[in-house]
Number of protein chains: 2
Amino acid sequence: MREEIDVFHDLRRRLCSGEFAYGTKLRAEALRKDYDCAASTVRENLLRLSELGLVDFQEQRGFRMPEYAPERQHDITATRIMLESEAACRAMRQGGVEWEAQLSAAHHKLSHIESRMSARGMTEELLRLWSAAELEFHQTLLSACGSPLLMELHLIVYYRYRQVNIEADRALTDLAENIEEHKNILDAALTGDEDLMRRRIYEHFKRHLVLGESAQTTTLVSLAG
Amino acid sequence: MREEIDVFHDLRRRLCSGEFAYGTKLRAEALRKDYDCAASTVRENLLRLSELGLVDFQEQRGFRMPEYAPERQHDITATRIMLESEAACRAMRQGGVEWEAQLSAAHHKLSHIESRMSARGMTEELLRLWSAAELEFHQTLLSACGSPLLMELHLIVYYRYRQVNIEADRALTDLAENIEEHKNILDAALTGDEDLMRRRIYEHFKRHLVLGESAQTTTLVSLAG
DNA sequence: TTTATGGTAAATCACGAAATTATAAGAAAT
DNA sequence: ATTTCTTATAATTTCGTGATTTACCATAAA
């Protein structure tokens with residue numbers, strides 16, 4: 001890799017792409033070659049990413065890809081469900097026809113890519129397109145919620161979610177269900193039924209809730225209440 | 001200031017203390033003198049703080065204290081109400097006697113400091129003690145929620161809340177109400193009534209919801225549902 | 001086999017100088 | 001008078017290095 005790649009965004013992408021195994025040491029001195037820049041530039045960006053929870057940082061001990069932990073996966077997923085439900089429901093209240101149209105458009109693009117994936121299998125290029133389209137769909141879903149901060153927090157959690165569910169994305173095991181779930185979320189949005197939206201969002205993410213009953217109950221309760 | 005002050009934590013404190021007016025430029029070259037370190041060390045920490053939203057950063061244009069905006073204050077406050085309500089209610093479900101005891105203890109310490117403030121007025125030292133005690137009280141309130149990520153997000157919002165409400169803290173206008181409100185939150189926690197807790201939390205923060213009815217309705221609705 | 005100890009290699013951190021870029025001020029042109 | 005260009009100054013970002021700290025591994029002691 002040469003010439004003017006934004007280190008921050010590219011590192012964030014790689015951290016969520018499965019390129020680094022959990023717990024891998026991230027050496028600024030090694031990564032600099034990928035970007036043709038100084039080690040301290042890489043260090044700066046690793047520090048920023050550590051503030052977002054995508055990199056583990058310990059003083060005098062450098063940077064690491066976070067270790068995998070099922071409780072972490074569960075926590076991230078449950079938190080994403082909460083934020084996304086809350087924001088989506090607010091968007092349903094406040095967003096008008098314009099929002100519905102944008103969401104339709106975003107779903108159409110996403111759906112197109114997912115069909116391709118299901119037909120001709122996965123490539124690096126296709127995964128990248130899908131990542132962008134999937135993020136755009138979910139961000140559009142929340143875009144009319146009226147709270148920039150809520151969307152900012154969602155984005156923080158979104159990347160952590162991607163990072164901790166890397167395998168799930170690469171294996172196309174659940175692709176068919178995924179397509180269906182995105183469609184169901186779109187439908188709920190057009191219906192205007194908030195409880196339905198909450199259920200659909202929960203259905204979309206629940207396979208990554210890996211902990212036992214008692215912990216899941218928390219989510220279910222807050223879904224009911 | 002000399003000798004081994006943690007730049008990150010001290011800068012965060014100062015950013016939330018009212019030392020810098022909104023929009024003030026933050027020059028690494030100037031701040032270095034306060035910590036007796038190199039400008040690039042300050043820069044690293046300003047970058048990290050910008051990732052948390054406490055500093056505005058634009059490439060090639062340096063760092064600034066964020067501009068004040070009423071919508072921002074409202075958004076931050078509303079988001080804090082949402083996160084704190086959600087986490088506090090989960091804590092009520094999961095936290096047992098141990099949690100109640102810890103919360104009592106934290107409230108007692110906070111209450112002691114608030115009494116002093118109300119009797120003898122404010123000093124720099126007292127403000128610092130109050131800051132720590134108030135944070136500890138609110139963190140203890142959420143500590144049994146079972147979600148480290150939710151608490152992490154709360155902490156991000158907490159510091160932004162402090163930053164955007166600096167004046168309110170320094171002026172002791174609402175001190176009496178504040179004392180009462182903290183007490184009310186503690187009582188709600190011991191009662192175990194989740195709806196009551198949500199109302200008490202809302203009462204505690206509502207004075208910083210500066211926008212008109214329609215925006216506030218959002219919060220009220222999610223409080224009812 | 002386990003636990004200490006020491007030495008070596010490697011990585012991290014802080015630093016200030018060098019290069020790049022923005023900003024401001026003044027001159028020329030419309 | 002207003003705009004555009006030019007130049008000078010200031011601020012920001014990048015970079016390579018030296019000093020410090022940590023990790024690793026081999027060897028010795030328990």
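Below, all heavy atoms of this structure are taken into account, side chains as well, without hydrogens, waters or symmetry copies. In what follows, chains carry the letters A, B, and so on, assigned in the order in which the sequence lines appear, proteins first and then strands, with residues in each chain numbered from 1.
Between B:R43 atom CZ and D:dC15 atom C1' the separation is 12 Å, expressed in whole Å. What separates CD of A:E44 from P of D:dT14 is a distance of 6 Å, to the nearest Å. Atom-to-atom, CD of B:Q60 to P of D:dT13 comes out at 6 Å; the value is rounded to the nearest Å. Look at CD on B:E59: it is 15 Å from P on C:dT20, rounded to the nearest Å. When the P atom of C:dC15 is taken as reference, atom NZ of B:K33 falls 14 Å away, rounded to whole Å. One interatomic measurement links the two molecules: CD of B:Q58 to C1' of C:dT23, which rounds to 14 Å at whole-angstrom precision. Summarising the geometry, the separation between CD on B:E29 and P on C:dT21 is reported as 20 Å, rounded to the nearest angstrom. Put simply, CG on B:N45 is 12 Å from P on C:dC15, counting in whole angstrom units.
Between A:Y161 and the options A:H208, A:H74, A:H204, a ring pair (Phe, Tyr, Trp, His ring centres under 6.0 Å) holds for only A:H208.
Phosphate proximity of C:dA11 to A:R27: present, with a side-chain N or O under 4.0 Å from OP1 or OP2. Within the 4.0 Å cut-off from OP1 or OP2 of C:dC15, at least one side-chain nitrogen or oxygen of B:T41 is found. OP1 or OP2 of D:dG16 sits under 4.0 Å from a side-chain N or O of A:R32. Remark: A:K25 is not in phosphate contact with D:dT22, judged by side-chain N or O atoms under 4.0 Å from OP1 or OP2.
In this structure, B:E134 does not pair ionically with B:K109, as no charged nitrogen and carboxylate oxygen lie closer than 4.0 Å. A salt bridge does not link B:R72 to B:D75: none of the charged nitrogens lies less than 4.0 Å from a carboxylate oxygen.
Distance from the side chain of A:S40 is smallest for D:dC15 among the nucleotides D:dT22, D:dT14, D:dC15. Side chain of B:A38, nearest nucleotide from C:dC15, D:dG16, C:dT23: C:dC15.
Side-chain contact of B:R207 with B:T77: a donor-acceptor pair under 3.5 Å is absent, judged by distance alone.
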* To do: Output, in order, the C-alpha distance, side-chain angles, deciding distance and verdict of salt bridge (charged side-chain N to carboxylate O under 4.0 Å, His left out) for B:E44 and B:R48.
  => CA-CA 6 Å; B:E44 261 183 8; B:R48 292 172 64 190; over 6 Å; no
